[in-house]
Amino acid sequence: MPDLAPALVAWYRDNARDLPWRAPGFGAWGVLVSEFMLQQTPVNRVIPHLDAWLALWPTPAALAKASPADAVRQWANLGYPRRALWLHRAAVEIRDRHEGIVPRQVDQLLALTGIGDYTARAVAVFAYGDHHPVVDTNTRRVLARAIDGQAQPGPPSRRDLAAMDALLPADAATSAVVNAAAMELGALVCTARGPRCTECPLRAMCAWRAAGYPDTGDTRRRQARYEGSDRQARGAVLKQLREASEHAVPIDDVAADWPDALQRDRAIDSLVADGLAEAVRGELRLPR
DNA sequence: GTCCGGTCTC
DNA sequence: GAGACCGGAC
């Protein structure tokens, strides 16, 4: 198997984007907040929200002192608002279980609300410089192509971590760069559609290229339409609650103009079930 | 209209 | 292991 690491490291040195969370001394809390926001939201939309969030809550303890409602409001339109609730819970857990310090151990990070395999290792590696494989969807695609000769990765699996681990050099600092470089290459060059293979630092050793770029199929499910969906209904209800500021909204006034009353009620129920809204005496509000 | 994505719940 | 979940960019 070819050694991809040196080519990745050299390419990253010249091509990495200058992103805020990559600045030296950005801090583990900043890295953790950025990773929460980046879990489902593109870089360009995250940056202004990240700056504002960290200015308001520069430490886990500061966020833990705020209410969940404040966190959901500040999350604004980043999408998937459960992440705001989870980030707030994680801050409370960090205050209560780790004396306000973002933990360094992967198993302790995994035990925090909203942190899974990717984020736990991203914090341990990018904030603390430890030696672990970090695998996101970009890395999985790079490895599927360069190593397995497949156009798209298969379903996520624990094997992904072992595959990335096998590529990492022994030195922790260099292995962190290799992790970051694989993700960055997948984001900028080895993209899902329209990959820029002529610019790729791995082209000389890429199994997919060697095989003639076969279309090996794409197992990803097509996303359902957003317009008219339950998701859109939830978004509309939550937007109204955010904009009501500190106030509760009479249930009958919640998304009153939504065309499908049953769908609106489903949205309200699911938001309450997720802890994103509270129903009190015929009114709906963000969680205190 | 189509695409992007990590974690949770069941 | 499968399905739910957001909103903006293109």
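In what follows, every heavy atom counts, from backbone to side chain, and hydrogens, waters and symmetry copies are set aside. In what follows, chains are A, B, ... by sequence order, proteins preceding strands, each numbered from 1. Everything numeric here is computed off the predicted structure, so don't read it as measured data.
- Side-chain nitrogen and oxygen atoms of Asn44(A) include none within less than 4.0 Å of the OP1 or OP2 phosphate oxygen of dG8(C).
- A salt bridge between Asp70(A) and Arg73(A) is present, with a side-chain N of the basic residue lying under 4.0 Å from a carboxylate O of the acidic one.
- Within residues 79-98 of chain A, the residues that place at least one heavy atom under 4.0 Å from DNA chain C are, in residue-number order, Gly79(A), Tyr80(A), Pro81(A), Arg82(A).
- In summary, the side chains of Asp160(A) and Ser157(A) do not present any donor paired with an acceptor at a separation below 3.5 Å, with no hydrogens or angles considered.
- Between Arg225(A) and Thr113(A), the residue anchored nearer the 5' end of DNA chain B, judged by the nucleotide with its closest heavy atom, is Arg225(A).
- Separating the CD atom of Gln40(A) from the P atom of dA9(C) is a distance of 17 Å, rounded to the nearest angstrom.
- Nucleic acid contact for Leu78(A): none, since no nucleic acid atom lies under 4.0 Å from a heavy atom of the residue.
- With dG5(B), dG8(C), dT7(B) as the choices, the nucleotide that has an atom nearest any side-chain atom of Thr119(A) turns out to be dT7(B).
- Using a 4.0 Å heavy-atom distance criterion, Ser270(A) is classed as making no nucleic acid contact.
- In terms of phosphate contacts, Asn138(A) brings a side-chain nitrogen or oxygen within less than 4.0 Å of OP1 or OP2 of dG5(B).
- At a threshold of 4.0 angstrom between heavy atoms, the contacts of Tyr226(A) include nucleobase atoms, whether or not backbone atoms are also involved.
- The 5' end of DNA chain B is approached more closely, in terms of each residue's nearest nucleotide, by Thr41(A) than by the other of Thr41(A) and Leu112(A).
- Checking dG6(B), dC3(B), dG7(C) against every side-chain atom of Arg193(A), the shortest atom distance belongs to dC3(B).
- With dG6(B), dG8(C), dG5(B) as the candidates, the nucleotide lying closest to the side chain of Asn77(A) is dG8(C).
- With a 6.0 Å radius and a threshold of 12 heavy atoms from other residues, nucleotides or ligands, Arg281(A) has its CZ atom at or below the threshold.
- Remark: C1' of dC4(B) and CG of Asp136(A) are 12 Å apart, rounded to the nearest angstrom.
- The side chain of Ala192(A) sits closest to dC4(B) out of dT7(B), dG8(C), dC4(B).
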Query - Pair Val272(A)-Leu284(A), side chain to side chain contact (heavy atoms under 4.5 Å, CB included): steps then yes or no - result: CA-CA 9 Å; Val272(A) 170; Leu284(A) 199 67; 4.1 Å; yes

